[in-house]
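Heads up: the structure comes next, in structure tokens.
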2 protein chains.
Amino acid sequence: MEKELDSETLDWRSVCPIASGLDVLGDKWSLIIVRDLIQHGTRTYSEFGDSPERISTNILAARLKWLTSLGLIEHVDPERASRNNAYRLTASGLALRPVLEELGRWSQNHLKALHPDIVDIL
Amino acid sequence: MEKELDSETLDWRSVCPIASGLDVLGDKWSLIIVRDLIQHGTRTYSEFGDSPERISTNILAARLKWLTSLGLIEHVDPERASRNNAYRLTASGLALRPVLEELGRWSQNHLKALHPDIVDIL
DNA sequence: CCGGATCCTTGTCGATACTG
DNA sequence: CAGTATCGACAAGGATCCGG
């Protein structure tokens, strides 16, 4: 109860849609989780840890809770709360696909000089 | 000098373009600065502080340095390094426009329930 | 084992005061 | 006006521990 990271307790910086999007997704990990779910459809807790970015377990747990409270992801089986219960995107989460596509496209076009190993897929 | 926030010293989490984009822009302020420059064309240091999100001066200075070192923004007058010298986007920075548009569109469509005051423009 | 929770150290954020 | 310096609060990261 020290830190309730919950969509109720969020204070928005402004009424701007871009700023509001960043209030919610403007960190280094949330969109990585969304990306994994777009690529794989569903993913269990430990499968998220297999991605090359190597998210640590405490951050993963916090972000999954956060994205769930926002309604962007959900458990595949709403009953069985854990033990190999995978996560998947809701319709809201899936709607982020164009955002990720544009971001990936931009990175490929404008980050190659700084990061030559960057790769060509979503 | 304790912390050189510079594009040279960045270590990429992976070769994924999405992760790499987030390595560079995955924070709450960088894209706000880009948004301001897209909307206004150029902006001086103190004008950035007028935006409703109220960025604080140390973070603003750090982000401006960071975006400059990435080649996304530049000074309007390359000689006169400061004192009313405005910033503007480079071609790389301008290319972020579709990313911001998709993000703004997503926020309008999926954040209204959580944040009813959200507004309808870029 | 799997899905987390907890501990602890380090790093980053953010407000404000201050300087050239 | 364009930044720096300072300092407290908080978030990230790594390691480990725990319950089912």
Side-chain angles (χ1 to χ4, degrees), chain A residues 1-6 9-14 19 22-33 36 42-69 73-88, chain B residues 1-6 9-14 19 22-33 36 42-69 73-88:
Chain A
M1 52 269 327
E2 51 299 290
K3 190 67 233 218
E4 269 322 312
L5 193 55
D6 180 10
T9 63
L10 170 60
D11 48 345
W12 306 91
R13 285 179 293 182
S14 76
L22 293 170
D23 283 340
V24 150
L25 298 169
D27 70 272
K28 295 210 186 300
W29 292 110
S30 298
L31 287 178
I32 298 282
I33 292 174
D36 282 358
T42 67
R43 210 122 233 241
T44 66
Y45 188 88
S46 51
E47 286 173 330
F48 284 113
D50 297 337
S51 290
E53 293 83 12
R54 318 252 92 207
I55 189 170
S56 59
T57 64
N58 52 353
I59 306 216
L60 175 59
R63 287 295 172 277
L64 289 174
K65 219 173 269 185
W66 173 236
L67 294 172
T68 301
S69 102
I73 66 175
E74 63 191 1
H75 276 285
V76 168
D77 181 347
E79 308 311 314
R80 181 188 46 166
S82 96
R83 192 66 188 185
N84 270 359
N85 192 1
Y87 293 86
R88 76 174 151 217
Chain B
M1 53 292 305
E2 53 298 292
K3 191 65 233 228
E4 269 321 313
L5 192 55
D6 181 9
T9 64
L10 171 61
D11 48 345
W12 306 92
R13 284 180 292 182
S14 76
L22 293 170
D23 282 340
V24 151
L25 298 169
D27 70 272
K28 294 209 186 301
W29 292 109
S30 298
L31 287 178
I32 298 282
I33 291 174
D36 282 358
T42 67
R43 209 122 234 245
T44 66
Y45 189 88
S46 53
E47 285 173 330
F48 284 113
D50 297 337
S51 290
E53 293 83 12
R54 317 254 90 206
I55 190 170
S56 59
T57 62
N58 55 347
I59 304 213
L60 174 59
R63 288 294 172 276
L64 289 174
K65 221 174 266 183
W66 173 236
L67 294 173
T68 301
S69 101
I73 67 175
E74 64 191 0
H75 276 285
V76 168
D77 181 347
E79 307 311 314
R80 181 186 47 168
S82 89
R83 195 69 186 182
N84 267 0
N85 192 1
Y87 293 86
R88 76 175 151 216

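Every chain is numbered from 1 and lettered A, B, ... according to where its sequence line falls, protein lines coming before strand lines.
- Here the nucleotide nearest the side chain of A/Y87, chosen from C/dG3, C/dG4, D/dG3, is C/dG4.
- Per the geometry, CG belonging to B/L60 stands 14 Å off P belonging to D/dC1, to the nearest Å.
- If you measure from atom CG of A/D23 to atom P of D/dA11, you get 14 Å, rounded to the nearest angstrom.
- Protein atom CZ of A/R54 is 13 Å distant from nucleotide atom C1' of D/dG14, rounded to whole Å.
- With contacts defined as side-chain heavy-atom distances shorter than 4.5 Å, the pair B/T57/B/Y45 qualifies.
- Side chains of A/I32 and A/I55 form no contact here, defined as non-hydrogen atoms less than 4.5 Å apart.
- Remark: of the listed residues B/I33, B/T68, B/I73, B/I33 is the sole one forming a side-chain contact (heavy atoms from CB on, under 4.5 Å) with B/R63.
- In this structure, A/R63 atom CZ and C/dG3 atom C1' are separated by 18 Å, rounded to whole Å.
- Listed nucleotides C/dC13, D/dG14, D/dA12 differ in distance to B/I59; the shortest reach to its side chain belongs to C/dC13.
- Across the protein-nucleic acid pair, B/I55 atom CD1 and C/dA15 atom P stand 10 Å apart, rounded to whole Å.
- Among the nucleotides C/dG3, C/dG4, C/dG14, the one closest to the side chain of A/N84 is C/dG3.
- Contact check, A/S46 against C/dC2: no side-chain N or O comes under 4.0 Å of OP1 or OP2.
- Residues A/H75 and A/N85 share a closest heavy-atom pair of ND1-ND2, 3.3 Å.
- We find that NZ of B/K28 is positioned 8 Å from P of C/dG14, with the value rounded to whole Å.
- Not one side-chain nitrogen or oxygen of A/K65 sits closer than 4.0 Å to the OP1 or OP2 atom of C/dG3.
- Between B/W29 and A/E47, the residue whose closest nucleotide on DNA chain C is further toward the 5' end is A/E47.
- In this structure, CD of B/E53 is placed 17 Å from P of C/dC13, rounded to the nearest angstrom.
- Checked by distance alone, A/T57 brings a side-chain donor or acceptor within 3.5 Å of a matching partner on the base of C/dA5.
- For A/N58 against C/dG4, no side-chain N or O and base N or O form a donor-acceptor pair under 3.5 Å.
- Rounded to an integer number of Å, the gap from B/D11 CG to D/dA12 P is 17 Å.
- Looking only at side-chain heavy atoms (C-beta outward), B/Y87 and B/D36 stay at 4.5 Å or farther from each other.
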